[in-house]
Amino acid sequence: MEETEIEGISRDDRSSHHNISSGILPSLGAHSNRKVKLRRFIISPLSPRYRVWETFLVFLVFYTAWVSPFEFGFLETPSRPLSITDNVVNGFFAIDIILTFFVAYLDKATYLLVDEPKQIAWRYTRTWLFFDVISTIPSELARSVLPQPLKQYGYFNMLRLWRLRRVSKMFARLEKDRNFSYFWIRCAKLICVTLFAVHCAGCFYYLLAAHYHDPKNTWIGLVMDNFVEQSLWVRYITSMYWSITTLTTTGYGDLHAVNAQEKLFDIFYMLFNLGLTAYIIGNMTNLVVHGTSRTRRFRDTIQAASSFAQRNQLPARLQDQMLAHLCLRYRTDSEGLQQQETLDVLPKAIRSSISHYLFYSLVDKVYLFHGVSNDLLFQLVSEMKAEYFAPREDVILQNEAPTDLYILVTGAVDLIMLRNGMEKVVEELKTGDVCGEIGVLCYRPQVFTVRTKRLSQLLRLNRTAFLNIVQANVGDGTIIMNNLLQHLKERQDPCIEAILADTEHMLAQGRMDVPLSLCFAAMREDDLLLHQLLRRGMDPNELDSSGRTALHIAASKGTIECVLLLLDYGADPNRKDSDGNVPLWDAILGNHEAVIKLLIDNGANLSSGDVGGFACFAVEQNNIELLKDIIKYGGDVTLLNSLGTTALHTAISEENVEIVKFLIEQGADVDKPDVHNWTPRALADYQGHEEIKPLLQIGKKSASQPVVSPPDMQGVPYLKKYQSEPTIPPLTSEVTVNVTEANSSNNRLRRRASNFRNSLFGIMSAANRHNERGMSVAPSPMNSVNSVNFARVTISCPERGSNAGRLVLLPESLQKLLDIGAKKFGIRITKAFTKDGALVEDIAVVRDGDHLVLVGEELERPSSL
């Protein structure tokens, strides 16, 4: 492993082969920086067990670093305890030599772990194998084969200092391990280097005296007669004393060099001490300076700020704010609170995940973002930056350009307005409140001065980044704007009311930077804004998060001007929302007669929606008048709803005798099963409704009676409101529209991703829709996508004695064709045949101008006409 490896992401991370503790950087384009699975019997160098083994060997190296110079300098013959210990230590290193042949290594070219046994063996053989083997041979064996000059005990042991490279690698890893203090690791390393130098020098210096021909003419012989006969402990302490005094340059006094050999050794030792001392002093200076440099920079910054304030004669309040901010900056740096600095060095995905974890729950509660999608909130949180502000510090100034909005995380701030030269506190904001949003969204100078009351943390969102995100989420942008306008209305402040009036005027003129949708205009019943948006080419059939169109909303509110505009620009009157509702049903629920007539005159058909669901809703509301309205406007109250049940089932469950009787009179089938195969009669028997059972027996006899057919609605062109726009041609009630089903949703308030139609790209696509010739055309009823099918067919029903055909528009499905026939001829239609008697099984085989014969249950095959 290389010395540059980076250790210490966490202790738990070391247990995985996929951790990044080794700091391996893969080559550009590489798919992985190491193999996921190694060969059998191959050990990963990142394995926790192997790391424990390496740490154990490092402790054995410490023993070798002390004993090898000691035996070399002080021992003439092997000492039995040391000899046994040396051989045991050598045995462990011999085991490590064998293990190394099975340890994968990192290829420097590809940065992949190589687990091929032959490559591992060849690499180890040509690098460190020879030195490892030499340093592991027992001393007894070496003395028996070495020549006489090298038989001195300890000479061969010095080769074991080769193992010190393991200690160097260990300190390199510990210095980068965040679980240990860098300062203390560096200090420990310097201490170990110093002790080893002192120990080796003392042992070598004693060896010179012990082997000199005149023992009295040596550095130790001058102060100690017959020093060889002294105890080993006294000789070792004396040598260490000389080595330390020489290293620290406090000698020479009692111990000094005498003969030429000793003087020569002292020369080289003192030269070595020069470098070692410089290395130690430099490292210690760097560690100390690193700890005090932050304080020095802080004092220099404070001094520069004070000089600047005095030179420019700034007011005392501004001086206090400057110094308070700088002090807060130093405090957060010294306490490790550099949140934004830490986030800025991380990849965007990690920054987004951290911001989401820290601030998403807070931003989700801000009134401005109530009802928007998760996608928008996630994008906004990713762009927010956390900042600290000292007490009494200005965050926003009144009349300042609108560049940012802020969300309060902790602390408290005051909204201050300057009136008649006096500052007045308008409101106090607390955690979760937002400030600066009026200036950002309405693009006007900031209305208030925002000043902190105590130490506060705020999330800052840049206006440009905010608008860029909202531009891609038009539906959410309109929700945000609506939340702002609603909030301004609730403030009931004269100043805020003026801002609200100006904002609404800008909305009506279409001069807002925030993208708006047709649904937003329809919700506000603002026909002027709606007209501006439609003129820009927005799709009149765009959907909101609940699958509702602007026509749904305008019909539910009864705003006839908005309905006129939308129909005039080609809005589909039979578009279903995610709950199966059509605009006509919304108008019926609101009892808006003028809108109902207008929709019917322009082709609205109640049967395009979930008529069964409408009928069940009316039954649940115990509203028989609503049921009559459904029948009046062309709905069949006997159909199944989207859940597979009928209004009759619902009426029986509600035990509503009057409605059950009414539904039976309208031809409801008492034996028609629901999705669970429960018929109305069986359901009444099971629930024990005694009053309803006789009605169902009567209904069984009259079930074959024809369903009351709705009156034909004659199409009448309506009066245009805007003379520059084309008139929508009258459509008959049989017109069938290809409806793109909206995805169902159980929650209309929030958390659907913005769909294509509500995005900016969707609006641009709608504005530049192409016709079949490749020419760009504006949306209109005649060329809109999924518009009316203009293929026409003639239908007739011999069963009703009607051989004369009726010309109708061809719907998109065979079942809808049968439903049209049932309404036209007042009989249940089951099959369709061509004029020649061929059974029609798919609507795709029917062509424009065909004559179809419709039959009911009584006839199996019609006679050729």
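Fair warning: this is a prediction, and the values are worked out from it, not measured in the lab. Residue numbers count from 1 along this sequence.
- In terms of heavy atoms, F369 sits closest to V372 at O-CG2, 3.1 Å.
- Every residue was checked against the side-chain hydrogen bond (donor to acceptor under 3.5 Å, both in side chains) condition with W184, not counting sequence neighbours, and none meets it.
- Nearest heavy-atom pair across G202 and S239 is O-CB, 3.6 Å.
- Closest approach of F62 to C192, counting heavy atoms only: CE2-SG, 4.3 Å.
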Check: Can L75 and L82 be said to form a side chain to side chain contact (heavy atoms under 4.5 Å, CB included), step by step?
Finding: CA-CA 11 Å; L75 298 183; L82 286 178; 3.8 Å; yes

Notebook entry, point to check: So V61 and F93, side chain to side chain contact (heavy atoms under 4.5 Å, CB included) or not? Walk me through it.
Noted result: CA-CA 10 Å; V61 171; F93 283 99; 3.7 Å; yes

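- Remark: I43 CD1 to Y50 OH distance equals 7.0 Å, nearest 0.5 Å.
- Here Y205 and Y269 keep their ring centres 6.0 angstrom or further from each other.
- Considering only heavy atoms from C-beta on, K385 stays 4.5 Å or farther from S355 through its side chain.
- Looking at Y206 and R235, their side chains do bring a donor and an acceptor atom within 3.5 Å of each other.
- Environment of OH in Y63: crowded, with over 12 heavy atoms of neighbouring residues, nucleotides or ligands closer than 6.0 Å.
- Here the side chain of S168 pairs no donor or acceptor atom with the backbone of L164 at under 3.5 angstrom.
- With F101 as the fixed residue, the ring-ring contact (aromatic ring centres under 6.0 Å, His included) test singles out one of Y124, W122, F41: Y124.
- For F183, there are no ring pair (Phe, Tyr, Trp, His ring centres under 6.0 Å) partners at least two apart in sequence or on another chain.
- Checked for salt-bridge contact, R166 and D96 meet the test: a charged N lies under 4.0 Å from a carboxylate O.
- Closest approach of F196 and A65 over heavy atoms only: CE1-O, 3.6 Å.
- Residues R39 and P117 come closest through the heavy atom pair CD-CD, 4.1 Å.
- Across K263, M224, E262, H256, a single residue satisfies side-chain contact (heavy atoms from CB on, under 4.5 Å) together with W219, and that is E262.
- Heavy atoms from other residues, nucleotides or ligands lying under 6.0 Å from CH2 of W53 number more than 12.
- For the pair T194/L247, a side-chain contact is recorded, criterion being any heavy-atom separation below 4.5 Å from C-beta on.
- Counting heavy atoms from C-beta outward, L461 and M384 have side chains that approach closer than 4.5 Å.
- Between E383 and A465 the shortest heavy-atom distance is OE1-CB, 4.2 Å.
- Under the 3.5 Å distance criterion, the side-chain polar atoms of T245 are matched with a main-chain donor or acceptor of W242.
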Next item on the list: Carefully, step by step, assess I120 and F102 under the rule side chain to side chain contact (heavy atoms under 4.5 Å, CB included).
Entry: CA-CA 7 Å; I120 296 174; F102 299 94; over 6 Å; no

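- Side-chain contact between L208 and T218: absent, with no pair of heavy atoms (C-beta onward) separated by less than 4.5 Å.
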Note to self: With side chain to side chain contact (heavy atoms under 4.5 Å, CB included) as the criterion, how do M170 and T55 come out once you've worked through the C-alpha distance, each side chain's angles and the decisive distance to 0.1 Å?
What the structure shows: CA-CA 8 Å; M170 181 198 71; T55 304; 5.8 Å; no

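- Side-chain contact between L190 and Y279 is present, with heavy atoms from C-beta onward closer than 4.5 Å.
- In this structure the side chain of P45 never reaches within 4.5 angstrom of the side chain of Y105, judged on heavy atoms.
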